[in-house]
Amino acid sequence: MSCFSFLSRRASRLPRHPAEVDEELSSAYNIHIYTYKELRNATDDFSPSNKIGEGGFGSVYKGRLKGGVFAAIKVLSAGSKQGVREFLTEINVISSVEHENLVQLYGCCVEGDHRILVYNYVENNSLSQTLLGCGHSSLQFSWRTRTKICIGIARGLAFLHEEVRPHIIHRDIKASNILLDKDLSPKIADFGLAKLMPPNATHVSTRVAGTIGYLAPEYAIRGQVTRKADIYSFGVLMLEIVSGRCNRNSKLPIGEQDLLERTWGLYERAELVMLVDTAMDGDFDAEEACKFLKISLLCTQDAPKLRPSMSTVVKMLTGEVAVNDDITKPGLISDFMDLKVRSNDDKPSTYNTVSSGSDQNDHSMSSGNTSCATITFTDISYRS
């Protein structure tokens, strides 16, 4: 697949004026341009009652387009220079790709100072808001549903990593960026941090961005991102899906707060089944659950070269390939964070600490009853 030509020429600098943005968008592939009036009408003048998400660079509204189609309308905050870059990146990356496990971009609005993205509306919110308890939800996640979600996310990532040309690194795979449709099938969302992988490149050097807990340690330390960073994030996410808990919970005893660290300890003691979500009341395939947890550990190994490709992950999840039991210790971001905390006395930190129960990266206002505390490098997640 050939795509993404319109931004690659100028990705190194940030557009600062509406005319520059319009110029970049003029060559975008397969993009419908909406008028501001159309989107204002679709959202009842961006009524607060239609707001379904909010983040550091704007808000997301549910809207009804002409013809009765519902959409998620992501409005960039006016005057956000960094947000303009993310806006252009998101269009660049997602405009020409289509997969059942990716959100679909309908179009955008670039009228005056308005910068708006229009996505398909996904009915059942994000994994963060439903499965992980960062919001009120009546959805039930059986073991079969969880396996479907894991496999779907893996297939979407394998498509981005291996089938699209140039390859795409998402850079922000996490629970709040996985949306669920009416059938609880997963859709990977929010491509504002995505990077295109040039042919024959071993890595892309970039500013570090993402969410601590999902962030691969080697990327956090060196700023060199590869597809292996997404694979690490997927491994952490799959642990959350199987266990039904966030990757970090400060309310638990010290030795159990970090999900990846706890998983490794249980693996060493051959007690992985203890990690499976008790909300299923034992109604799950224990052997398969342990297999999924082992695959998570394979994805989060400290040495990136040991992590399997996403296509291999898909085959392991579906039983086409056997799971290798030769698993090495995972890379723990806590080691990097300890270093960062110690250095904070010497120079100002660029990190934004988000307190428990108020994760600004989630796709709607938090219910306040969660312990999903995270530390983020950038805050640009929205529910699409």
Side-chain angles (χ1 to χ4, degrees), residues 3-4 6-8 10-16 20-21 24-25 28 31 52-61 71-97 99 102-110 114-120 122 126 128 156-157 160 164 166-179 187-197 204 206-212 214-215 219 223 225 229-230 233 237 350 352 354 359-364 374 376-384:
C3 51
F4 321 126
F6 83 100
L7 222 175
S8 58
R10 300 167 58 185
S12 60
R13 72 184 186 91
L14 173 66
R16 297 181 180 277
E20 291 182 273
V21 178
E24 300 242 17
L25 287 172
I31 285 291
I52 56 176
E54 188 169 12
F57 290 105
S59 302
V60 182
Y61 298 85
I73 299 171
K74 176 177 172 178
V75 182
L76 187 70
S77 299
S80 174
K81 293 181 179 179
Q82 186 177 20
V84 169
R85 184 194 314 169
E86 317 302 350
F87 174 86
L88 291 171
T89 297
E90 193 151 0
I91 293 175
N92 180 35
V93 168
I94 199 65
S95 63
S96 300
V97 299
H99 188 273
L102 305 180
V103 292
Q104 181 183 354
L105 180 66
Y106 288 163
C108 65
C109 172
V110 291
H114 301 297
R115 300 289 173 265
I116 305 173
L117 293 169
V118 182
Y119 277 101
N120 63 310
V122 183
S126 69
S128 176
L157 275 176
L160 294 174
V164 173
H167 303 314
I168 298 173
I169 304 172
H170 186 281
R171 285 208 303 162
D172 204 18
I173 294 297
K174 59 182 178 180
S176 57
N177 283 341
I178 305 300
L179 310 182
K187 310 286 184 181
I188 300 172
D190 202 331
F191 288 78
L193 290 182
K195 288 290 182 182
L196 307 184
M197 194 75 173
V204 176
T206 179
R207 64 188 176 94
V208 178
T211 305
I212 291 293
Y214 299 97
L215 199 67
Y219 170 44
V225 64
D230 275 355
S233 301
L237 176 60
T350 59
N352 171 33
V354 182
D359 185 357
Q360 296 173 11
N361 283 291
D362 286 342
H363 291 280
S364 64
T374 63
T376 64
F377 288 83
T378 57
D379 176 26
I380 63 168
S381 293
Y382 305 85
R383 182 169 63 211
S384 300

Asks: Closest approach of G210 and L215, non-hydrogen atoms and distance?
Replies: CA-CD1, 4.1 Å
Asks: Nearest 0.5 Å, please: how far is CD in E90 from CG in L117?
Replies: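 CD of E90 is found 5.0 Å from CG of L117.
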Asks: With heavy-atom distances below 4.5 Å as the criterion, would you say the side chains of V97 and L102 are in contact?
Replies: yes
Asks: How long is the span from the OG atom in S128 to the CD1 atom in I178, to the nearest 0.5 Å?
Replies: 11.0 Å
Asks: Taking C-beta and beyond as the side chain, do V225 and R171 meet within less than 4.5 Å on heavy atoms?
Replies: yes
Asks: Could you walk me through whether T211 and D172 pass the side-chain contact (heavy atoms from CB on, under 4.5 Å) check?
Replies: CA-CA 7 Å; T211 305; D172 204 18; 3.4 Å; yes
Asks: Is the shortest heavy-atom distance from the side chain of V103 to the side chain of L105 under 4.5 Å?
Replies: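 SC-SC contact between V103 and L105 ruled out.
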Asks: Picking from N177, L160, I91, what satisfies side chain to side chain contact (heavy atoms under 4.5 Å, CB included) with F191?
Replies: L160
Asks: Ignoring hydrogens and geometry, is there a side-chain-to-backbone donor-acceptor pair from D230 to I169 under 3.5 Å?
Replies: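 Such a contact is absent between D230 side chain and I169 backbone.
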Asks: Would you mind telling me which of I52, I116, D190 makes a side chain to side chain contact (heavy atoms under 4.5 Å, CB included) with K74?
Replies: D190
Asks: On a heavy-atom basis, which atom in G223 and which in V208 lie closest, and how many Å separate them?
Replies: CA-CG2, 3.7 Å
Asks: Side-chain contact test, heavy atoms from C-beta onward, threshold under 4.5 Å: evaluate it for I188 versus H170 and give yes or no.
Replies: yes
Asks: Does the side chain of L237 come within less than 4.5 Å of I173's, by heavy atoms?
Replies: yes
Asks: Which pair of non-hydrogen atoms, one from A175 and one from S126, has the smallest distance, and what is that distance?
Replies: O-CB, 3.8 Å
Asks: Measure the shortest side-chain to side-chain distance between Y119 and K187 over non-hydrogen atoms and say whether it is less than 4.5 angstrom.
Replies: no
